[in-house]
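Below is one structure, written out as structure tokens, with a few remarks after it.
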Amino acid sequence: MNLPSTPIGFDAVQLTMHNQVAVVRLCRPTKRNALSDGLILALRDTFQNLPREARAAVIHGEGDHFCAGLDLSELQERDAGEGIHHSRMWHVALDAIQSGNVPVVAALHGAVVGGGLELASSCHIRVADESTFFALPEGTRGIFVGGGGSVRIPKLIGAARMTDMMLTGRVYNAVDGERIGLAQYLVSAGTALDKAMELATRIATNAPLTNYALMHALPRIAEQPADHGFFTEALISSIAQAAPEAKERVRAFLEGRAAKVQKA
Ligand code: 1HE
């Protein structure tokens, strides 16, 4: 996709606005977009400070790969305390993506490995093109996931599959990755960004309160015991339907002014 390059912000993380969609690009292709501390902090700052007009976001990587994970050249001997702070820094950055104000769509291609998969897992929708491959080489490197992967990835594929990936170094191709739930969309090579932009543009037209409820209420409800979940659902659905925008959208449908659901 041909996106105009008027970056706002950081060298290795570029932000451009396309109508109401914020497009965030990892720009470290010579290092396969490996996530240095600086890049993690830039991601944090970018997502904590998205322009007010943003209603959805897309994240993608420059070059042949989405992201090669942690910048291994920065991996040093850390004592336990420093290790905790480093991991917590990733948690804050990726939480800014998952728990921000707008849904984020990841456009994936090439390597989505280690911390790159942790990053992708913090997004709300993942679009993988046919060149994508997923792996967690942490097991092979003698380390462990530290960017929230042990929380988020089992929610996508289950603890058993994640255990297998880390114990055996198993690599999933795009087809199998989509099949097991690492991505919700599989598209032809070179078209992930186009598809992600199409989805984000559509998401940006939703009522902001509905998007917010999906990002913030749904994951919590999914973790609650059923009776708590039903109660939380009743609260959030009543708040959403009471919004003037919801009333107008329902009225538009009843008056034949809104699109019907089309057969897939
Ligand atoms: C890197 C990194 C990196 C590439 N840190 N520098 N992640 C990994 O264990 C994955 C390591 N990377 C790879 O397996 C491969 O690089 C790729 C499959 C992603 C791409 O292969 P390729 O052939 O296209 O590139 P390359 O020749 O391996 O790498 C090009 C350059 O990028 C090279 O540097 P150069 O100076 O020699 O040109 C590589 O050293 C550099 N590079 N990946 C640093 N990851 C919060 S905890 C998270 C824990 C983890 O993420 S562990 C998993 C880390």
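Whatever order the structure lists them in is the order used to number ligands and atoms, beginning at 1. Keep in mind it's a predicted model, so treat the numbers as computed, not measured.
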Candidate with minimal heavy-atom separation from atom 54 (C) of ligand 1, of Gly114, Cys67, Ala68: Ala68
One thing to verify: whether [Y] and [X] come together as a salt bridge, which I'm taking to mean a side-chain N less than 4.0 angstrom from a carboxylate O.
X      : Y      : result
Lys155 : Glu223 : yes
Arg220 : Glu233 : no
Arg249 : Glu245 : yes
Arg179 : Asp176 : yes

Counting non-hydrogen protein atoms only, what is the nearest one to [atom]? Give residue, atom name and distance.
atom                    : value
atom 2 (C) of ligand 1  : Ala34 CB, 3.9 Å
atom 42 (N) of ligand 1 : Lys31 O, 4.0 Å
atom 18 (C) of ligand 1 : Phe133 CZ, 4.1 Å
atom 5 (N) of ligand 1  : Leu72 N, 2.8 Å
atom 47 (S) of ligand 1 : Gly146 N, 3.5 Å
atom 50 (C) of ligand 1 : Glu138 OE2, 3.3 Å
atom 22 (P) of ligand 1 : Arg32 NE, 3.5 Å
atom 45 (N) of ligand 1 : Leu70 O, 2.9 Å

Given 3.5 Å as the limit, does a donor-acceptor pair link the side chain of [X] with the main chain of [Y], or not?
X      : Y      : value
Asp71  : Ser73  : yes
Ser131 : Ala189 : no
Thr132 : Leu108 : yes

Whether Trp90 and His86 hold their rings parallel, tilted or perpendicular, with breakpoints at 30° and 60°: tilted
Would you say [atom] makes contact with the protein, given that contact here means a non-hydrogen protein atom less than 4.0 Å away?
atom                    : result
atom 13 (C) of ligand 1 : no
atom 52 (S) of ligand 1 : yes
atom 9 (O) of ligand 1  : yes

Show which atoms of ligand 1 fall inside a sub-4.0 Å distance from at least one heavy-atom site of [X].
X      : answer
Ile143 : 52 (S)
Arg141 : 8 (C), 9 (O), 10 (C), 11 (C)
Ala111 : 19 (C)
Gly69  : 51 (O)

From the options Val104, Leu15, Asn101, select the one residue that forms a side-chain contact (heavy atoms from CB on, under 4.5 Å) with Leu50. Leu15
Just by distance, no angles: are the side chains of Arg88 and His85 close enough, under 3.5 Å, to form a donor-acceptor pair? no
From CA spacing to verdict: side chain to side chain donor-acceptor pair (under 3.5 Å), Ser99, Asp95: CA-CA 5 Å; Ser99 306; Asp95 189 58; 2.8 Å; yes
Looking only at N/O atoms, are [X] and ligand 1 under 3.5 Å apart anywhere?
X      : answer
Trp90  : no
His65  : yes
Phe144 : no
Glu118 : no

State if Thr30 counts as touching ligand 1 under the rule of any non-hydrogen atom under 4.0 Å. yes
Report the part of Pro137 (side chain from C-beta onward, or backbone N, CA, C, O) that has a heavy atom under 4.0 Å from ligand 1; answer both or neither where that applies. side chain
Verify side chain to side chain contact (heavy atoms under 4.5 Å, CB included) between Glu138 and Phe144, making sure each step is shown before the conclusion. CA-CA 5 Å; Glu138 285 88 341; Phe144 194 69; 5.7 Å; no
Quick check for you: to the nearest 0.5 Å, what is the distance between Ile59 atom CD1 and Ser122 atom OG? 7.0 Å
